[in-house]
K.L.:
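Okay, here's the structure, questions in a sec.
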Amino acid sequence: MTGDLLAGLMTASVEDLADGAVLLRGFAVAEAPALLAEITAIAEAAPFRHLITPGGFRMSVAMTNCGAVGWISDRRGYRYGADDPETGCPWPAMSPLFRDLAGRAAQAAGFSGFAPEACLINRYAPGARLTLHQDRDEGNLSHPIVSVSLGVPATFLFGGLDRKDKPRRFRVDHGDVAVWGGPSRLAFHGVDALKQGHHDLTGQLRYNLTFRKAL
Ligand code: MD3
Ligand code: FE
């Protein structure tokens with residue numbers, strides 16, 4: 001095990017959520033201020049927006065992306081694309097800070113060589129939520145998804161492979177990193193409506209970075 005990986009694990013506790021799913025409590029706390037500064041810079045080039053679902057609903061979570069491709073939704077469906085449809089420009093590049101954090105978290109959870117092309121950035125204001133869904137728009141489902149929580153705490157809903165499986169709930173705090181792979185990669189999941197709260201670095205907001213091997 002490399003020195004920095006050990007250092008990350010010394011401040012983080014590892015919780016097994018399910019087969020292939022791990023929660024690394026506090027794994028990204030040290031990097032959080034730099035991650036938030038980078039989110040601000042990304043949003044200057046690719047502003048947060050509320051995407052429209054194929055069914056015509058406006059998502060309560062505001063989103064943007066960085067990386068070679070970004071996740072988008074509109075009346076035509078869900079997909080990854082190289083350009084921001086709002087600006088017509090490529091998504092901002094994914095920085096080494098983002099990429100390395102995702103790779104180290106995946107490694108700590110037992111997944112080697114995770115090199116995501118896409119980082120979806122979700123912004124939750126009070127009341128914003130994600131209903132139960134699967135992440136299955138990625139070209140390569142053999143890699144995990146890495147999720148980094150920042151700011152106000154939230155409740156993850158983690159179901160099974162069947163939409164009807166009753167989801168388990170667990171709280172995620174600032175700096176927590178979750179890795180979902182293997183048998184959990186296609187599990188249904190969501191996020192409860194964000195409660196009113198305050199975090200010194202984000203005010204009443206929560207951010208989530210979701211790293212995906214999309215191509
Ligand atoms: C369980 N975002 O953007 S990832 C998403 O807090 C999304 O914004 C969550 O779900 C958020 O699609 C954080 C939680 C998550 C992600 C992928 C999973 C849970 C998962 C894949 C399989 C199982
Ligand atoms: Fe998801």
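We count ligands from 1, going down the list as the structure has it; atoms in each ligand are counted the same way.
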K.L.:
Which of the atoms of ligand 1 are close to Arg212, meaning less than 4.0 Å from one of its heavy atoms?
P.N.:
3 (O), 5 (C), 12 (O)

K.L.:
In terms of atom number and element, which parts of ligand 1 are under 4.0 angstrom from non-hydrogen atoms of Val191?
P.N.:
6 (O), 9 (C), 11 (C)

K.L.:
Under the criterion side chain to side chain contact (heavy atoms under 4.5 Å, CB included), which of His189, Arg212, Lys213 is the partner of Ile145?
P.N.:
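For Ile145, the side chain to side chain contact (heavy atoms under 4.5 Å, CB included) test succeeds with only one of His189, Arg212, Lys213, which is Arg212.
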
K.L.:
Would you give the length of the straight line joining atom CD1 of Ile42 to atom CZ of Phe48, rounded to the nearest 0.5 angstrom?
P.N.:
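Output value for this atom pair is 8.0 Å.
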
K.L.:
Picking from Asp173, Val172, Asn122, what satisfies side chain to side chain contact (heavy atoms under 4.5 Å, CB included) with Arg206?
P.N.:
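Output: one option passes, namely Val172.
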
K.L.:
Return the name of the atom in Asp135, of element N, O or S, nearest to the Fe ion (ligand 2).
P.N.:
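Looking only at N, O and S atoms of Asp135, the one nearest the Fe ion (ligand 2) is named OD1.
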
K.L.:
Do any N/O atoms on His133 end up under 3.5 angstrom from N/O atoms on ligand 1?
P.N.:
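For ligand 1, there is an N or O atom that lies under 3.5 Å from one belonging to His133.
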
K.L.:
Considering only heavy atoms, does Phe188 approach ligand 1 within less than 4.0 Å through its side chain, its backbone, both, or neither?
P.N.:
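Neither; nothing of Phe188 gets under 4.0 Å from ligand 1.
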
K.L.:
Please name the pair of heavy atoms, one in Asn140 and one in Leu215, separated by the smallest distance, quoted to 0.1 Å.
P.N.:
CB-O, 3.6 Å

K.L.:
Just to confirm my output: which protein heavy-atom neighbour is closest to atom 18 (C) of ligand 1, and how far is it?
P.N.:
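Answer for atom 18 (C) of ligand 1: His189 CE1, 3.3 Å.
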
K.L.:
If you measure only the distance, is there a donor-acceptor pair under 3.5 Å linking the side chains of Asp176 and Ser149?
P.N.:
no

K.L.:
Among Arg185, His143, Glu117, which residue satisfies the side chain to side chain contact (heavy atoms under 4.5 Å, CB included) criterion with Glu138?
P.N.:
Arg185

K.L.:
In terms of atom number and element, which parts of ligand 1 are under 4.0 angstrom from non-hydrogen atoms of Arg185?
P.N.:
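Per the distance check, 21 (C), 22 (C).
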
K.L.:
Taking atom CG of Asp200 as the centre, report whether more than 12 heavy atoms of other residues, nucleotides or ligands fall under 6.0 Å from it.
P.N.:
no

K.L.:
Under 4.0 Å from any heavy atom of Thr210, which atoms of ligand 1 are there?
P.N.:
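Counting from 1, the qualifying ligand atoms are 2 (N), 3 (O).
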
K.L.:
Applying a heavy-atom cut-off of 4.0 Å, say which part of Val61 lies close to ligand 1: side chain, backbone, both or neither.
P.N.:
neither

K.L.:
Can you tell me which portion of Ser184 lies within the under-4.0 Å heavy-atom range of ligand 1? Options are side chain, backbone, both, or neither.
P.N.:
backbone

K.L.:
Nearest N/O/S atom of His133 with respect to the Fe ion (ligand 2), by atom name, please.
P.N.:
NE2

K.L.:
Just to check, does Trp71 reach to within less than 4.0 Å of ligand 1 when the distance is taken from its heavy atoms?
P.N.:
no

K.L.:
Give me the residue, atom name and distance of the protein heavy atom closest to atom 11 (C) of ligand 1.
P.N.:
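Of the protein heavy atoms, Tyr124 OH, 3.1 Å lies nearest.
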
K.L.:
Taking only heavy atoms of Phe156 into account, list the atoms of ligand 1 that are under 4.0 Å away from them.
P.N.:
6 (O), 13 (C), 14 (C)

K.L.:
Side chain, backbone, both or neither: which part of Leu130 comes within less than 4.0 Å of ligand 1 when only heavy atoms are counted?
P.N.:
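Looking at Leu130 and ligand 1, just side chain atoms fall under 4.0 Å.
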
K.L.:
Is it true that, when you exclude Arg129 itself, more than 12 heavy atoms of the residues, nucleotides or ligands shown sit nearer than 6.0 Å to its CZ?
P.N.:
no

K.L.:
In His189, the N, O or S atom nearest to the Fe ion (ligand 2) is which?
P.N.:
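Answer by atom name: NE2.
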
K.L.:
Quick one: sort the Trp180 and Phe156 rings into parallel, tilted or perpendicular, breaks at 30° and 60°.
P.N.:
tilted

K.L.:
Can you tell me which portion of Ser147 lies within the under-4.0 Å heavy-atom range of ligand 1? Options are side chain, backbone, both, or neither.
P.N.:
side chain

K.L.:
Who's the nearest protein heavy-atom neighbour of atom 13 (C) of ligand 1, and how far?
P.N.:
Asn208 OD1, 3.3 Å

K.L.:
With the side chain counted from C-beta on, respond yes when Phe211 and Val177 share a heavy-atom pair under 4.5 Å apart, and no when they do not.
P.N.:
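No, too far: nothing below the 4.5 Å cut-off.
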
K.L.:
Would you mind reporting whether Pro85 and Asp74 have side-chain heavy atoms less than 4.5 Å apart?
P.N.:
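No, side chains not in contact.
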
K.L.:
Within the structure provided, determine whether Cys66 and Trp91 are in side-chain contact (heavy-atom separation under 4.5 Å).
P.N.:
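They are not in contact (no side-chain heavy atoms under 4.5 Å apart), so the answer is no.
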
K.L.:
Can you report which non-hydrogen protein atom sits closest to atom 3 (O) of ligand 1, along with the distance?
P.N.:
Asn122 OD1, 3.0 Å

K.L.:
Check each atom of ligand 1 against the heavy atoms of Arg206 and keep those under 4.0 Å away; list them by number with element.
P.N.:
6 (O), 8 (O), 11 (C)

K.L.:
Okay, side chain of Thr64, backbone of Ala46: is any donor-acceptor separation there less than 3.5 Å?
P.N.:
yes

K.L.:
Check each atom of ligand 1 against the heavy atoms of Asp135 and keep those under 4.0 Å away; list them by number with element.
P.N.:
12 (O), 16 (C), 17 (C)

K.L.:
For atom 1 (C) of ligand 1, what is the nearest protein heavy atom, given as residue, atom name and distance?
P.N.:
Trp180 CE3, 3.1 Å

K.L.:
Between Leu194 and Ala125, which heavy-atom pair has the shortest distance, and what is it?
P.N.:
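Closest approach of Leu194 to Ala125: CB-O, 3.6 Å.
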
K.L.:
Show the atoms of ligand 1 that are less than 4.0 angstrom away from any heavy atom in Leu120.
P.N.:
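Every atom of ligand 1 under 4.0 Å from some heavy atom of Leu120: 3 (O).
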
